[in-house]
Amino acid sequence: MATFPELVFSGVQPTGNLHLGNYLGAITKFVDLQETHDCIYCVVDLHAITVAQNPAELTSNIREVTAAFIAAGIDPKKHIIFNQSQVAEHAELAWVFNCIARIGWLNRMTQFKEKAGKDRENASVGLYAYPTLMAADILVYRATHVPVGEDQKQHLELARDIAQKFNNDFAETIRNVVGADAYFPQPEPLIQGPATRVMSLRDGTKKMSKSDPSDYSRINLTDDADTIAQKVRKAKTDPEPLPSELPGLAKRPEADNLVGIFAALNKQSKEDVLTQFGSANFSTFKSALVDLAVSKLGPIGAEMKRLQADKSYIDGVLSDGSARAKVLAAGTMQDVKDMLGFIR
Ligand code: AQP
């Protein structure tokens with residue numbers, strides 16, 4: 001079997017309201033992985049336009065996500081930070097994958113069903129094809145590891161199916177072009193830790209999300225200390241004190257969520273948090289959570305604002321990263337064209 005050098009790829013959509021779920025589910029993992037891997041982190045602006053965007057807001061949101069990556073601690077010199085639309089090979093490979101993926105596979109994608117809702121006929125074709133573009137994002141670099149929140153697990157499985165089918169369908173030309181028995185790796189999702197699915201602060205059964213109409217449902221990375229404190233204090237809870245052991249969180253989604261958030265922010269396990277706060281009431285626990293969240297997120301939010309004010313620096317990071325990404329992506333596309341039989 002072909003082996004592939006380990007490479008990390010992931011992306012975040014520039015759709016506004018970057019929140020604690022994006023931070024704990026994805027961005028903190030991005031930061032940690034740079035110690036052990038080569039990493040490519042993408043602001044996925046082509047994904048953002050699968051639903052209508054205001055162009056001026058989109059520009060500002062692209063800079064906001066870039067600023068968040070850097071403020072959280074990603075080094076744009078050692079690793080690559082760029083925006084997807086500057087590397088046309090993402091869209092090019094996505095078209096090839098549209099011809100590899102089966103309609104039946106895409107019909108099973110729950111994110112499309114949730115986002116399109118009852119008005120499916122009116123959803124964009126892009127929203128439906130979103131997972132094939134995501135597969136192209138990863139595989140155009142032949143990335144092997146993809147840190148994401150739990151909501152992206154199904155899309156990663158689809159990317160693996162597409163890689164497998166491409167490798168099977170073109171086995172003969174893959175052998176001729178690169179002398180190996182597979183061209184694309186099977187990318188592995190990295191979904192670990194106590195906050196892989198951060199829930200809404202207003203409803204512990206709903207995912208914390210950028211598009212929730214209530215700002216009180218999420219903590220935004222740019223919220224100031226007072227806003228964070230207010231949101232945590234107003235977060236829905238139940239009347240019982242915290243349990244001392246994990247099974248006591250079953251059927252208590254709001255308590256479970258706040259304990260998970262505390263654990264992830266403090267880089268400890270939920271068990272450790274319960275050892276410390278078991279039998280404490282929520283007002284005690286929430287005060288500790290406010291202090292922790294403000295101490296961790298405050299400096300990131302402040303640095304994001306500082307960086308966002310320096311547009312030429314941010315745009316420079318993106319164009320430098322895009323140029324480096326493009327070299328890698330163009331190599332893959334040349335191989336793929338040869339494997340498909342195109343003349344170039
Ligand atoms: N609530 C969450 N908990 C853990 N991880 C999360 N992620 C998103 N929400 C949570 C992870 O963040 C990364 C970037 O997500 P995205 O920007 O691609 O967009 P998204 O998943 O569409 O974000 P939202 O907030 O859920 O947007 P809307 O409101 O449009 O549905 C991904 O790795 C994702 O898993």
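Keep in mind that the numbers below use all heavy atoms, side chains included, and drop hydrogens, waters and symmetry copies. Remember, it's 1-based here, ligands and their atoms both numbered in the order they're listed.
- For A26, every heavy-atom contact with ligand 1 shorter than 4.0 Å involves the side chain, none the backbone.
- For atom 34 (C) of ligand 1, the choice among L18, I261, T196, D151 with the nearest heavy atom turns out to be D151.
- With a heavy-atom cut-off of 4.0 Å, H19 touches ligand 1 through its side chain alone.
- Remark: aromatic rings of Y130 and F112 are distant, center separation not under 6.0 Å.
- For the pair S209 and ligand 1, the shortest N or O to N or O distance falls below 3.5 Å.
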Got a list of side-chain donor-acceptor pairs under 3.5 Å for residues 96-106, not counting sequence neighbours?
unit_1 : atom_1 : unit_2 : atom_2 : d
N98    : OD1    : T132   : OG1    : 2.6
R102   : NE     : I100   : O      : 3.1
R102   : NH2    : C99    : O      : 3.0
R102   : NH2    : I100   : O      : 3.2

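- The protein non-hydrogen atom at the shortest distance from atom 17 (O) of ligand 1 is K210 NZ, 2.4 Å.
- In terms of protein heavy atoms, atom 30 (O) of ligand 1 is closest to K115 NZ, 3.2 Å.
- When hydrogens are left out, the protein atom nearest atom 3 (N) of ligand 1 is V198 N, 2.8 Å; that is the closest non-hydrogen contact.
- Annotation: atom 5 (N) of ligand 1 to nearest protein heavy atom, G21 O, 3.2 Å.
- When heavy-atom distances to ligand 1 are checked against a 4.0 Å cut-off, Q13 comes that close through both its backbone and its side chain.
- The shortest distance between side-chain heavy atoms of V87 and L328 does not fall below 4.5 Å.
- The closest non-hydrogen atom to atom 28 (P) of ligand 1, taken over P147, A264, S211, comes from S211.
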- Task: Test I314 against Q308 for side-chain contact (heavy atoms from CB on, under 4.5 Å), laying out the working first.
- Result: CA-CA 7 Å; I314 296 282; Q308 274 175 275; 5.6 Å; no
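- The environment of CD in Q268 is crowded: more than 12 heavy-atom neighbours from other residues, nucleotides or ligands sit within 6.0 Å.
- At the top of the distance list for atom 8 (C) of ligand 1, counting protein heavy atoms only, stands N22 ND2, 3.2 Å.
- Taking the six-membered ring where tryptophan is involved, the planes of Y141 and F82 are perpendicular, since the angle between them exceeds 60° and thus also 30°.
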- Output, in order, the C-alpha distance, side-chain angles, deciding distance and verdict of salt bridge (Lys or Arg N to Asp or Glu O under 4.0 Å) for D223 and R218. CA-CA 10 Å; D223 282 345; R218 63 181 162 261; over 6 Å; no
Considering only distance and modelled atom types, tabulate donor-acceptor pairs under 3.5 Å from the side chains of residues 186-196, sequence neighbours left out.
unit_1 : atom_1 : unit_2 : atom_2 : d
Q186   : NE2    : R160   : O      : 2.9

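- Here the heavy atom of the protein found nearest to atom 33 (O) of ligand 1 is G149 N, 3.2 Å.
- Residue H47 does not touch ligand 1, judged by heavy-atom distances below 4.0 Å.
- Checked by distance only, ligand 1 and V12 stay at 3.5 Å or farther apart across all their nitrogen or oxygen atoms.
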